[in-house]
Asks: 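After the structure tokens below, expect a handful of questions from me.
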There are 2 protein chains.
Amino acid sequence: MKKAAATRLTILQKAFELIYVKGYQTTSIDDILATTQVTKGAFYYHFKNKDEMGLAIINEILKPTMTESFITPLQNPGDPLEFIYGMMQHLLIGNPFLKPEFGCPASNITQEMTPWNADFGHAMNELMKQWEDTLVEVLEKGKAAGFVKKDVHSKQVTIMVMSGYWGVRNLGKLDQGKESYSRYLKELKNYLNSLK
Amino acid sequence: MKKAAATRLTILQKAFELIYVKGYQTTSIDDILATTQVTKGAFYYHFKNKDEMGLAIINEILKPTMTESFITPLQNPGDPLEFIYGMMQHLLIGNPFLKPEFGCPASNITQEMTPWNADFGHAMNELMKQWEDTLVEVLEKGKAAGFVKKDVHSKQVTIMVMSGYWGVRNLGKLDQGKESYSRYLKELKNYLNSLK
DNA sequence: TTGTAAAAATACCAAGGAGTATCTTTATGA
DNA sequence: TCATAAAGATACTCCTTGGTATTTTTACAA
């Protein structure tokens, strides 16, 4: 019962990468089989159908990655505004897996799948809610610690930050992130400064 | 030579709506034929292939619509910050064609097509450049007229605004725009106020 | 009116899509 | 060791896809 779990995991991981660069609907199961060297029998042993695999990718790959990358490290003390900026910088230019031309995996899936399959929307919504809640919490702690102005509306700021990230990820597809990323980061710094 | 132009236009318009709702790759030519009541012969008389139609949609539908909706009205005098806010409000909640669950047509196409077909990327880049240039110009005029602080970096603010729009359009897919839109708008107002 | 090209209709094709049915191999626990 | 179920392999089916080939209709200039 060890080998099987491994094949299942490679399917999820490779499929995730393919979907990230090609999109969900245009990544065929045969594509996945070809790159994983897994046969169709094995695939359909592990997953009832393509969508079940898609959900599994969100829940078993995307969600844990998000948690350990953005949720857990956010819990540390200090200036939340500094931290948000650092996180954004890391997300946009510090993470070698995330390429400008392919955008953000979470954003891509949301954009593509939400109108089609409600389950994808629910799964992604959970993911975003988790990120949102953490950011709000961190901002509130920052207010208590005097890093952030008292009249700042944490939920609004959070939406502003998350929107900016997804938006610039998409804008960055047009110029390979060459100018959009750096300009966004500079202005984000200005914006965050206005909150303290 | 009048009827032909009309069929061509209906193809572009109906296909645009379908693509907005379903996505480009998952909108089949047969879908388009079914909703337009046009036959395959007529379709391929007007367009060499699907992608040529896609480009025509960007250039002949999306671009003119953008121009008359965001470029031309932006030219009027007055406080550019007020105007940007009003434009955003109209885009997000005042435009009946743009539904939260389907996002922004321009954003959708960029997200979906840019990694696949460079021509789509170039066309969309032109579109966005036009919007960006206009926003920058308007902000600069606002600085000269005293509506905007002198030390504001117009290009950065523009990227911030455009990113926020695309991002919240995508976020809004997850909650049908119920909370994300209004929160974004409120914080956008705060942000814009910090620029004057 | 009629010849000619524009415009549109119809029928078809090869490739690729998701998913199934059936068989073979591998592991494991009694 | 060996029966049984897990895991994987192979070969299909049926449907949709973008695109083509060919024919028919429409418009209009002479």
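Atom set for the values below is all heavy atoms of this structure, side chains included, hydrogens, waters and symmetry mates excluded. Predicted, not measured: the structure shown is a model, and the values here were computed from it. Sequence lines set the chain letters: A, B, ... in the order given, protein chains first and strands last, and positions in each chain run from 1.
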Asks: Aromatic rings A:F16 and A:F97: how do their planes relate, parallel, tilted or perpendicular, breaks at 30° and 60°?
Replies: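 Geometry flag for A:F97 against A:F16: parallel rings.
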
Asks: If I take atom CG in residue B:D30 and atom C1' in nucleotide D:dT17, what distance separates them, rounded to the nearest angstrom?
Replies: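 These atoms are roughly 7 Å apart.
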
Asks: Between the base of D:dG19 and the side chain of B:K50, is there a donor and acceptor pair under 3.5 angstrom?
Replies: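 Absent.
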
Asks: Between A:K22 (NZ) and C:dG16 (C1'), how many Å, whole number?
Replies: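 So the NZ-C1' distance, A:K22 to C:dG16, works out to 11 Å.
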
Asks: Kindly write out the residues that satisfy side-chain contact (heavy atoms from CB on, under 4.5 Å) with A:N108, not counting sequence neighbours, or none if the list is empty.
Replies: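 By the side-chain contact (heavy atoms from CB on, under 4.5 Å) rule, A:N108 matches A:Y20, A:K173, B:Q111.
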
Asks: Are B:E126 and B:K63 ion-paired here, with the side-chain N under 4.0 Å from a carboxylate O?
Replies: yes

Asks: Using whole Å, what does the distance between atom P of nucleotide D:dG18 and atom CZ of B:F43 come to?
Replies: 9 Å

Asks: Whether B:K22 and B:E17 form a salt bridge (side-chain N of Lys/Arg under 4.0 Å from carboxylate O of Asp/Glu) is what I want to check.
Replies: no

Asks: Send over the distance from B:I29 CD1 to C:dA11 C1', rounded to a whole Å.
Replies: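 Roughly 16 Å, once rounded to whole Å.
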
Asks: Atom CZ of A:F47 and atom C1' of D:dA7: how far apart are they, to the nearest Å?
Replies: 13 Å

Asks: When you measure from the side-chain N and O atoms of A:H46 to the phosphate of D:dG8, is any distance below 4.0 Å, counting only OP1 and OP2?
Replies: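 Yes, such a contact exists.
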
Asks: D:dA9, C:dA18, D:dA7: which one has an atom nearest the side-chain heavy atoms of A:A42?
Replies: D:dA9

Asks: Take the protein atom CG of A:D51 and the nucleotide atom P of C:dG19, then report the distance between them rounded to whole Å.
Replies: 7 Å

Asks: Look at all strands and tell whether A:Y44 reaches a base, only sugar-phosphate, or nothing, counting heavy atoms closer than 4.0 Å.
Replies: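 Since a base atom lies under 4.0 Å of A:Y44, the category is base.
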
Asks: Are more than 12 heavy atoms from other residues, nucleotides or ligands located less than 6.0 Å from atom NZ of A:K143?
Replies: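 Yes.
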
Asks: Report the nucleotide, chosen from C:dA8, C:dA18, D:dG8, that has the shortest atom-to-atom distance to any side-chain atom of A:K3.
Replies: D:dG8

Asks: Is any side-chain N or O of B:T7 closer than 4.0 Å to OP1 or OP2 of C:dA7?
Replies: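 No, no such contact exists.
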
Asks: Regarding B:T39, tell me which of base, sugar-phosphate or nothing describes its non-hydrogen contacts under 4.0 Å with the strands shown.
Replies: base

Asks: Tell me which of A:Y24 and B:V38 sits closer to the 5' end of DNA chain C, going by the nucleotide each one is nearest to.
Replies: B:V38

Asks: Using whole Å, what does the distance between atom P of nucleotide D:dG19 and atom CG of B:N49 come to?
Replies: 5 Å

Asks: To the nearest angstrom, how far is B:K40 atom NZ from C:dA7 atom C1'?
Replies: 18 Å

